[in-house]
Amino acid sequence: MFTGSDSRWMAQALQLADRGLYSASPNPRVGCVLVVDDELVGSGWHQRTGAPHAEVYALREAGNKARGATAYVTLEPCSHHGKTPPCADALIAAGVARVVVAVQDPNPKVAGAGIAKLSAAGITVECGLMEMIARDLNIGFISRMTRGTPWVRSKIAMSLDGRSALANGASKWITGEASRRDVQHWRARSCAVLTGIDTVLADDARLNVRDIETERQPLRVVLDSQLRMPITARMLQSGGVLIYTAIDDAGKMRTLEESGATIIMLPDGSGQIDLPAMLHDLAQRGCNEVLLEAGSTLNGAMLRAGLVDELVLYVAPQLLGDRARGMVQLGELTALDQSANLKWQDMRQVGDDLRITAKVQNV
């Protein structure tokens with residue numbers, strides 16, 4: 001069904017979509033190229049919410065040359081009126097003859113309607129070219145649309161023997177400067193960075209994006225069941241902080257809100273924060289990807305609850321010994337089938353460390 005030329009042009013559309021890695025959220029990352037007689041006549045990518053979609057930029061560049069063209073689009077063209085008009089209508093009006101789509105839009109407002117509208121207008125539509133690459137590029141958007149929760153990555157820096165800190169809590173720095181710089185890219189592509197109050201109290205972490213260019217900072221999210229967040233925390237100085245708590249303390253809430261934080265009560269009935277409800281709330285706020293940067297307690301709680309989708313592990317070439325703190329607290333396992341199983345995705349050297357990414361299969 002697809003030719004080598006089709007693959008080459010879709011690959012170019014995917015490269016364009018990747019330019020929105022840090023800026024398109026909460027919208028999907030989308031690229032589009034328009035081709036006539038195997039020559040490029042227009043291209044575009046979705047840059048940010050409220051800006052034109054990728055198809056619109058490509059059509060503007062092509063002008064009258066779009067008539068009879070093939071459009072390669074990494075995500076099904078929209079068919080509904082949102083902040084911008086439907087892209088399916090724009091492609092029809094431009095006289096495009098064929099549309100090749102990488103993946104169908106999981107948004108219930110579209111979900112095949114764009115393809116149906118194009119087909120009804122007499123345009124040849126083919127779907128599924130380089131689908132897995134396109135899905136991975138928008139893994140968080142697809143998760144939010146289909147599960148109602150963001151895609152959650154847990155970033156953990158550890159020694160070769162799986163230790164994340166010494167027994168006294170010291171952990172700066174297990175991994176090297178190159179790994180710490182690499183983490184900035186994971187933060188920049190995430191809609192939110194999630195941590196626990198113990199990490200804030202121990203490190204006074206800012207959890208913002210540094211050292212790389214980005215148009216936006218991720219929302220900083222703190223799980224603080226007893227509202228122990230100090231108003232002097234560096235995180236609060238730059239705004240964009242969301243705190244989930246389990247207690248109704250009007251005085252503490254007012255003080256933190258005056259410091260610029262947003263407070264949400266989500267108790268689970270046992271004095272802790274309702275973790276699944278927290279992720280659903282983040283999805284309602286438009287969060288596609290969440291980067292979990294926390295200690296072993298919260299990492300373990302999220303894993304045990306089945307709420308972590310992927311691990312990003314930075315492994316340093318050192319051993320910290322059996323008295324050092326582990327990377328996650330999973331409790332005592334009495335059978336191997338109780339373990340958390342992973343599927344390796346990627347392994348590469350970053351500076352002197354190894355970076356391993358793995359998807360969580362079951363908990």
Side-chain angles (χ1 to χ4, degrees), residues 14 17-18 20-31 46 48-49 53 73-76 78 80 82 101-112 114 127-128 130-156 185-195 216 218-221 223 242 244 264 266 273-294 298-299 301-313 340-346 357-363:
L14 286 164
D18 191 65
L21 190 67
Y22 301 156
S23 61
S25 297
N27 286 357
R29 300 143 182 158
V30 184
H46 182 54
R48 64 187 63 84
T49 300
H53 288 185
V73 191
T74 61
L75 188 71
E76 176 185 2
C78 62
H80 66 289
V101 177
V103 63
Q104 182 174 307
D105 195 330
N107 187 340
K109 295 179 180 179
V110 183
C127 192
M130 298 187 172
E131 179 175 357
M132 293 309 299
I133 298 174
R135 291 182 69 87
D136 283 344
L137 184 61
N138 282 307
I139 197 166
F141 178 77
I142 293 172
S143 174
R144 180 164 66 90
M145 290 296 155
T146 58
R147 304 189 305 181
T149 57
W151 183 264
V152 179
R153 292 187 181 91
S154 177
K155 185 278 296 181
I156 302 173
H185 294 277
W186 293 106
R187 288 182 183 176
R189 69 174 289 167
S190 300
C191 299
V193 178
L194 172 65
T195 194
R216 61 170 181 83
L219 177 68
R220 274 80 54 76
V221 181
L223 304 188
L242 178 62
Y244 289 100
I264 303 294
L266 279 181
I273 294 162
D274 188 326
L275 297 178
M278 177 268 300
L279 289 182
H280 280 284
D281 185 68
L282 287 177
Q284 290 295 315
R285 296 172 185 273
C287 290
N288 293 334
E289 299 179 19
V290 171
L291 184 65
L292 174 61
E293 295 194 46
L298 181 53
N299 273 315
M302 292 284 286
L303 271 168
R304 291 195 307 272
L307 302 177
V308 176
D309 299 300
E310 188 175 2
L311 298 180
V312 181
L313 307 174
N341 292 325
L342 310 174
K343 182 178 181 180
W344 304 125
Q345 299 297 305
D346 182 70
T357 58
K359 289 184 179 178
V360 180
Q361 299 298 293
N362 73 300
V363 179

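Every heavy atom of this structure was used, including side-chain atoms; hydrogens, water molecules and symmetry mates were not. Here, residue 1 is the first one in the sequence, and each next residue gets the next number.
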What pairs with R153 under salt bridge (Lys or Arg N to Asp or Glu O under 4.0 Å), at least two apart in sequence or on another chain? E289, E310
For A294, is there any backbone N or O sitting under 3.5 Å from a side-chain donor or acceptor partner on N299? yes
Does atom CZ (R285) have a neighbourhood of more than 12 heavy atoms from anything else shown, all under 6.0 Å? yes
Side chain of R147, backbone of P150: donor and acceptor closer than 3.5 Å? yes
T357 side chain to V312 main-chain N or O, any donor-acceptor pair under 3.5 Å? no
Answer yes or no: is there a donor N or O on one side and an acceptor on the other, between the side chain of E76 and the main chain of G114, under 3.5 Å? yes
Quick one: does R29's side chain have a donor or acceptor within less than 3.5 Å of a partner on L137's backbone? yes
Please determine whether the number of non-hydrogen atoms from other residues, nucleotides or ligands lying under 6.0 Å from atom CD of Q345 exceeds 12. yes
Taking A102's backbone N and O only, do any of them form a donor-acceptor pair with T74's side chain (distance below 3.5 Å, no angle check)? no
Side-chain contact test, heavy atoms from C-beta onward, threshold under 4.5 Å: evaluate it for L307 versus M278 and give yes or no. no
Please report the C-alpha distance between L282 and L219 in whole Å, then the side-chain angles of each, then the deciding distance to 0.1 Å, and finally whether the side-chain contact (heavy atoms from CB on, under 4.5 Å) criterion is met. CA-CA 10 Å; L282 287 177; L219 177 68; 4.2 Å; yes
To the nearest 0.5 Å, how far apart are OG1 in T195 and CG in L298? 7.0 Å
With side-chain contact (heavy atoms from CB on, under 4.5 Å) as the criterion, how do S190 and V290 come out once you've worked through the C-alpha distance, each side chain's angles and the decisive distance to 0.1 Å? CA-CA 5 Å; S190 300; V290 171; over 6 Å; no
